[in-house]
Trainee: 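Have a look at the structure that comes next, please.
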4 protein chains.
Amino acid sequence: MDSTKQQRRRGDTRQRIQDVALELFAEQGYEKTSLREIAERLDVTKAALYYHFKTKEEILVSIFEDLSRPIEDLIAWGSRQPHTLETKQDIVRRYSEALAAAAPLFRFMQENQATVRDLRIGEMFKTRMLGLRDILIDPEADLVDQVRCVSALFTLHAGMFVLQDLEGDPEKKRAAVLEVATDLVSQAHRGADGS
Amino acid sequence: MDSTKQQRRRGDTRQRIQDVALELFAEQGYEKTSLREIAERLDVTKAALYYHFKTKEEILVSIFEDLSRPIEDLIAWGSRQPHTLETKQDIVRRYSEALAAAAPLFRFMQENQATVRDLRIGEMFKTRMLGLRDILIDPEADLVDQVRCVSALFTLHAGMFVLQDLEGDPEKKRAAVLEVATDLVSQAHRGADGS
Amino acid sequence: MDSTKQQRRRGDTRQRIQDVALELFAEQGYEKTSLREIAERLDVTKAALYYHFKTKEEILVSIFEDLSRPIEDLIAWGSRQPHTLETKQDIVRRYSEALAAAAPLFRFMQENQATVRDLRIGEMFKTRMLGLRDILIDPEADLVDQVRCVSALFTLHAGMFVLQDLEGDPEKKRAAVLEVATDLVSQAHRGADGS
Amino acid sequence: MDSTKQQRRRGDTRQRIQDVALELFAEQGYEKTSLREIAERLDVTKAALYYHFKTKEEILVSIFEDLSRPIEDLIAWGSRQPHTLETKQDIVRRYSEALAAAAPLFRFMQENQATVRDLRIGEMFKTRMLGLRDILIDPEADLVDQVRCVSALFTLHAGMFVLQDLEGDPEKKRAAVLEVATDLVSQAHRGADGS
DNA sequence: CATGAATGAGCGTTCATTCAT
DNA sequence: AATGAATGAACGCTCATTCAT
């Protein structure tokens, strides 16, 4: 008797809220996305959102926690490895994959920095980034080489979204971005090492 | 007879609005900065803002137009130069200077991309960026080299703000960022050219 | 346990908003009646109004639609009748009754023409009036007779409100107005027909 | 050296304000016409309006006083005449002319009754109307005949504007309206008289 | 598992008006 | 004869949030 739609909906409302919310957050920004809008798209009431999440911010936090777990794991793993070039290149490659897998979230993070900064996930994200940086950077390295590493990170982040405007096969673009990032990290490593 | 404060205020209110607005926009984001807040800081009423600007957006537009003029000029100049390596390096160096001169504005632009995207300055900014890109990139160059150029741009942008957290002399940091960016552009040029 | 007042309020807020709104709109005009005023009279917040209606205009539209339904029906009915004198007299009589039944609304419509003109109900109202006119007027009739019919309509409308200032039994006044209107329509019919 | 425009403007600003104001008041209504709008059309500042008039209401009052003088005179004249049918017919005819001469003002008065009611001109207008009514109506006349006279008045007023939508020569339409109004007054007179 | 009804705070904007110059 | 600069009050509207049912 139940429509398939209704059956599908049973029990997965929480997930559906997260999906729609992320979509809208990424598309329009956090502030400009209202709970009313999210609720309307899901064909539930605003109050229903509050059954599943305590606040608007909590919705975002839950999305962030769910989708950025692989990256957290990656960083945890990386911290325990020796700071060899191979490790660094590995990290860069895996990070590139992780970013691609959770692209909408990271697009959101990049485009809403001002907002995110004083939300709970702001601190979380910053901590992760610093963790990543510490894996890639040798603290006694040349300042220029340190910048190279940071630059590699930004290349991965921004590359993702800015290059979407460009023509061409997305996989090829990602490969190119990865190559440049790897290059930067390798140059930095050689600099620190080489003397 | 008049207090100095009052004298200072005569005639420069428009400028003072822009200053305070930019400060708050950069600090808290565009959406989270209310006109009430701006007005209170200036010790005028909200309505006074509307004497000088037609809308909230107009305040931002006026700031953008005033502060980004040097960059517009730079791009205009660059477009008329031959696409040699020297030109590119020159552009990168000058762009770095221009960014530093209007740092709060560009910090704002970077941290409020989602918001800015559907404001008038969104289009303006995008157009400028594409202009810059077209100066640095050779269209028939390798995809990887194209990414290098875009990466150089982002390094300049992001480097500015992320490296503020780091220890050390700001001028030295800017020099390091500039070096990495120049490097990237040079590598890209050689790639396109050399083969 | 609940106060009667509170019980009364449950579920009929929408209706109460319409009632108070119409009262104030008719008394002071649409523009000069603020949502704050309506809300205060009902002892709810402005935001509560927005739970029940999307905009201020929507409140008015809903009132109009609810109260002018009988007239819409009357016109629909009239359009399907033969254009005999009896039909016309019937329409006039019934229209007079319908106007009396929704007097505050029509008083409002008459006294706020400039405002109503660029609201959604402006068009609706105009359409209805033209429908009525087409029932009463024979298109090939003498211009003077056409005016008589329009005049009959205005007599009904205006009579309602202007004659309130006058002394005397309201029912008698309505009867007098109706007689004059019927007279005008009859004269017009004879003119068109007779010769 | 001066442009003709500027020369024309010398000294007649007050008049120009009235002209533009009436135009906008009639077109959009009193409330929806802001002083900013009037000032902009005249290419002066809002403050300039306040040099010539004390308040927004004063602008309207001055327009009303200037344009409705002929009607005031007409009523004054009428009050001193014997209440014969000829006088009444004369009044109706002359009133019709006067209305046509100041059409925008009377269109405004009709479409902004709710607003005008609590402005100074509200009282003035009402007084005039009652004066007119007292000329046309015999107090001991039948109620129906009294309604006929009021109806004649409304026919003149409304006819003016509603019939603009209709096809045909404006002068002919005015003549038709006048005929109906005269008719109504004559019938009323005969009724009162005849017995 | 969710809704219906409401709130309090705040927002961007507009308005008629004032007054020193 | 008019402007430049500002004000105070209000307005329509939206938002995240709450809570009894």
Trainee: If the cut-off is 4.0 Å, is A:Ser34 near the phosphate of F:dT14, judged by side-chain N/O to OP1 or OP2?
Mentor: no

Trainee: Nearest whole Å is fine: how far is E:dT14 P from C:Glu31 CD?
Mentor: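 My rounded result for the distance is 15 Å.
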
Trainee: With a 4.0 Å cutoff (strictly under), does any side-chain N or O of B:Thr45 reach OP1 or OP2 of F:dA6?
Mentor: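 Checking F:dA6 against B:Thr45, no side-chain N or O comes under 4.0 Å of OP1 or OP2.
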
Trainee: May I ask you to evaluate whether B:Tyr50 reaches the phosphate of E:dT14, defined as a side-chain N or O under 4.0 Å from OP1 or OP2?
Mentor: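 No, B:Tyr50 has no side-chain N/O under 4.0 Å of OP1/OP2 on E:dT14.
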
Trainee: Side-chain N or O of A:Tyr51 versus OP1/OP2 of E:dC1: is the shortest distance under 4.0 Å?
Mentor: yes

Trainee: Heavy-atom contacts under 4.0 Å between residues 52-61 of chain C and DNA chain F, which residues?
Mentor: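 Result for residues 52-61 of chain C: C:Thr55, C:Lys56, sorted by number.
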
Trainee: Looking at CZ of B:Arg16 and CD1 of B:Ile38, how far apart are the two atoms once the value is rounded to the nearest 0.5 Å?
Mentor: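 Atom-to-atom, B:Arg16:CZ and B:Ile38:CD1 are 12.5 Å apart.
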
Trainee: Whole-Å distance between F:dA1 P and D:Asp12 CG?
Mentor: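 Spelled out: CG on D:Asp12 to P on F:dA1 is 11 Å.
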
Trainee: So does D:Thr13 get a side-chain nitrogen or oxygen closer than 4.0 Å to the phosphate oxygens (OP1/OP2) of F:dA2?
Mentor: yes

Trainee: Starting from P on F:dA1, measure out to CG on D:Leu49 and report it in whole angstrom.
Mentor: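 Taking atom P of F:dA1 as the reference, CG of D:Leu49 is at 15 Å.
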
Trainee: Pairing donors with acceptors under 3.5 angstrom, does anything connect the side chains of D:Thr115 and C:Glu31?
Mentor: no

Trainee: Could you run through DNA chain F and flag its stems, i.e. three or more consecutive Watson-Crick or G-U pairs with both distances under 3.5 Å?
Mentor: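 Looking at DNA chain F, the stems formed by three or more consecutive pairs are E:2-21 with F:2-21.
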
Trainee: Kindly indicate whether the side chain of C:Arg120, heavy atoms from C-beta on, has any atom under 4.5 Å from the side chain of C:Glu58.
Mentor: yes

Trainee: For C:Leu42 and E:dA6, give me the distance from atom CG to atom C1', rounded to whole Å.
Mentor: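 Distance, rounded to whole Å: 13 Å.
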
Trainee: Can you find an N or O donor on one side and an acceptor on the other, under 3.5 Å apart, linking the side chain of A:Lys46 with the base of F:dT17?
Mentor: yes

Trainee: Is it the case that A:Lys56 places NZ or CZ above or below the six-membered ring of A:Tyr30, under 6.0 angstrom from the centre and within 45 degrees of the axis?
Mentor: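 Yes, a cation-pi geometry holds between A:Lys56 and A:Tyr30.
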
Trainee: To the nearest angstrom, how far is B:Arg14 atom CZ from F:dA6 atom C1'?
Mentor: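 So the CZ-C1' distance, B:Arg14 to F:dA6, works out to 16 Å.
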
Trainee: Please check the phosphate of F:dC11 (OP1 and OP2 only) for any side-chain N or O of C:Arg36 closer than 4.0 Å.
Mentor: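 Answer yes for this pair, as a side-chain N or O of C:Arg36 is under 4.0 Å from OP1 or OP2.
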
